[in-house]
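Reviewing the structure listed below.
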Number of protein chains: 2
Amino acid sequence: MNRFLSHATNRIDAKGRVSVPSAFRSVLSDGGVRELYCFQDFVFPAISVGGPELLDRFERQMAAEDPFSPEANEMSLLVHGGGVFVKLDPEGRLMMTDFIRDFTGISTDVMFVGRGDYFQLWEPQAFQKAQAAAREGRKSRGLRPE
Amino acid sequence: MNRFLSHATNRIDAKGRVSVPSAFRSVLSDGGVRELYCFQDFVFPAISVGGPELLDRFERQMAAEDPFSPEANEMSLLVHGGGVFVKLDPEGRLMMTDFIRDFTGISTDVMFVGRGDYFQLWEPQAFQKAQAAAREGRKSRGLRPE
DNA sequence: TCCATTCCCATTGACGCCCATATGGTCCCA
DNA sequence: TGGGACCATATGGGCGTCAATGGGAATGGA
């Protein structure tokens, strides 16, 4: 298993730490990743988390455009400034900073959602709602599940 | 980590000093930079800060445009004439001068925003607004990180 | 001489590292 | 097939270290 799949909910302790699910940790350690890059999702109130190569991907995308264009400048603001690097502690936990809490609404529990190359941090109820809304939208457009 | 990434907010003390985040300081010292060059951003109410080589970067940008265009002329005025050199104190702090305060609106707290080759100083709430606007623009154009 | 800046040292509070405990699931063996 | 030992994960908390901050002393320019 070398990709982030499935989901799990863990509790934040008194110090503001939360364990990354074991399955996700082994994906990370298989990739030799010890520092994580986190940024605000562009659509949902969720934080996306992955290895530094996630940032590389954005930077390639920016490099493809005119590096001095307003669009590139704007994207740099989001990607460089809107992202943070965090480290896991020896037990595989990460800190829930205000940056993460404010954007997601997370308070006591964190839902980890696998997205393939990366995973996301959600406030559990917000995820339920977003999922229900997505289902509803899909249904109303007469689409079948993939 | 040899680039300015992530972000952090620090408080200005009674003497008008503020600590540069440790991660940024190590980037500077790795590059052997002791003196910093600061000037006003062209788009946002923020001060851009970097080593002296930051000048080269923006001179290239100006060279890319018509050197006699009003934009290039304006950039030259800001970069060459509007910039100031500042030094860090032994603890890694810098002074918040009126030059910086007036342009950014900074009063009690400073947000340090990594931009890759350089970093910026923002008034925290102004950053929130600019980022929200950037995200909104991106969303409406239907762009996604992946 | 006065004021502002620079340097030096003290404090404190957050974070990282360590070890301990709980909990749930699995495997083995009777 | 049921019980019990064992293991892995998640969680809780103590403690040391370092970054951020605050304030006093020294320095230098007006």
Side-chain angles (χ1 to χ4, degrees), chain A residues 1 4-30 33-38 47 49 83-102 106-114 119-124, chain B residues 1 4-30 33-38 49 84-102 106-114 119-124:
Chain A
M1 180 87 64
F4 300 102
L5 300 172
S6 188
H7 58 92
T9 301
N10 286 338
R11 164 187 294 269
I12 300 175
D13 71 14
K15 286 182 171 181
R17 302 170 299 184
V18 62
S19 294
V20 174
S22 167
F24 289 4
R25 289 205 307 264
S26 43
V27 175
L28 292 171
S29 65
D30 285 356
V33 175
R34 205 168 150 76
E35 205 158 32
L36 299 175
Y37 174 68
C38 311
I47 298 287
V49 184
V84 282
F85 276 89
V86 300
K87 266 178 39 186
L88 293 184
D89 75 6
E91 284 76 36
R93 291 179 283 199
L94 52 84
M95 288 291 299
M96 288 293 109
T97 61
D98 285 342
F99 169 73
I100 297 176
R101 293 173 185 267
D102 292 346
I106 287 171
S107 59
T108 62
D109 294 83
V110 182
M111 180 156 187
F112 292 80
V113 179
F119 63 90
Q120 291 184 325
L121 311 178
W122 285 76
E123 198 287 315
Chain B
M1 183 85 64
F4 299 102
L5 300 171
S6 191
H7 59 91
T9 301
N10 287 338
R11 169 168 302 131
I12 301 175
D13 70 15
K15 290 183 178 178
R17 303 169 300 184
V18 63
S19 294
V20 174
S22 168
F24 288 5
R25 290 205 307 262
S26 43
V27 175
L28 293 172
S29 66
D30 285 357
V33 176
R34 273 200 82 75
E35 205 159 32
L36 299 174
Y37 193 67
C38 313
V49 185
V84 290
F85 280 97
V86 299
K87 266 178 36 187
L88 294 184
D89 75 6
E91 284 76 37
R93 291 180 281 200
L94 52 84
M95 288 291 299
M96 287 293 108
T97 61
D98 285 341
F99 168 72
I100 297 176
R101 292 174 186 267
D102 293 345
I106 287 171
S107 58
T108 62
D109 294 84
V110 182
M111 180 158 184
F112 292 80
V113 178
F119 64 90
Q120 291 184 325
L121 310 179
W122 285 75
E123 198 286 316

Every protein N/O within reach of nucleotides 6-9 of chain D N/O, cut-off under 3.5 Å:
unit_1	atom_1	unit_2	atom_2	d
dT9(D)	OP1	S22(A)	OG	2.9

Should I106(A) and I47(A) be marked as a side-chain contact (heavy atoms from CB on, under 4.5 Å) after you check the CA-CA gap, both sets of side-chain angles, and the distance that decides it?
CA-CA 10 Å; I106(A) 287 171; I47(A) 298 287; over 6 Å; no
Atom pair distance, as rounded to whole Å: [atom1] in [X] and [atom2] in [N]:
| X | N | atom1 | atom2 | answer |
| --- | --- | --- | --- | --- |
| D13(A) | dA20(C) | CG | C1' | 14 Å |
| N10(B) | dG13(C) | CG | P | 16 Å |
| R11(B) | dT11(C) | CZ | P | 20 Å |
| F112(B) | dA19(D) | CZ | P | 15 Å |
| D109(B) | dA20(D) | CG | P | 14 Å |
| D89(B) | dA20(D) | CG | P | 12 Å |
| M96(B) | dA20(D) | CE | P | 14 Å |
| K87(A) | dC18(C) | NZ | P | 11 Å |

Looking only at the side chain of S19(A) (C-beta and beyond, no hydrogens), which of the listed nucleotides dC15(C), dA10(D), dG14(D) gets closest?
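Of the candidates, dA10(D) comes closest.
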Would K15(A) and D89(A) count as a side-chain contact (heavy atoms from CB on, under 4.5 Å) here? Give the steps.
CA-CA 13 Å; K15(A) 286 182 171 181; D89(A) 75 6; over 6 Å; no
Taking atom types as they are modelled, is there a donor-acceptor pair under 3.5 Å from the base of dC17(C) to the side chain of E91(A)?
no
Per the atom types in the model, does the base of dG12(D) pair as donor or acceptor with the side chain of R93(A) at under 3.5 Å?
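Answer is yes: a donor-acceptor pair is held.
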Need one value for R17(B): base, sugar-phosphate or nothing, where a base atom within 4.0 Å counts as base even if backbone is also close, heavy atoms only.
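Here R17(B) touches the bases of the nucleic acid.
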Would you give the length of the straight line joining atom CE of M96(B) to atom CG of L121(B), rounded to the nearest 0.5 angstrom?
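Reported to 0.5 Å precision, the distance equals 5.0 Å.
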In terms of the angle between their ring planes, are F119(B) and F24(B) parallel, tilted or perpendicular, with boundaries placed at 30° and 60°?
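Aromatic pair F119(B)/F24(B) classed tilted.
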Counting C-beta onward and ignoring hydrogens, is there a side-chain heavy-atom pair between R34(B) and L88(B) closer than 4.5 Å?
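Sidechains of L88(B) and R34(B): no contact.
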Please tell me if the side chains of L28(A) and L36(A) come closer than 4.5 Å, counting only heavy atoms from C-beta onward.
yes
Treating R11(B) as the side-chain partner and T108(B) as the backbone partner, does any N or O pair qualify as donor plus acceptor under 3.5 Å?
no
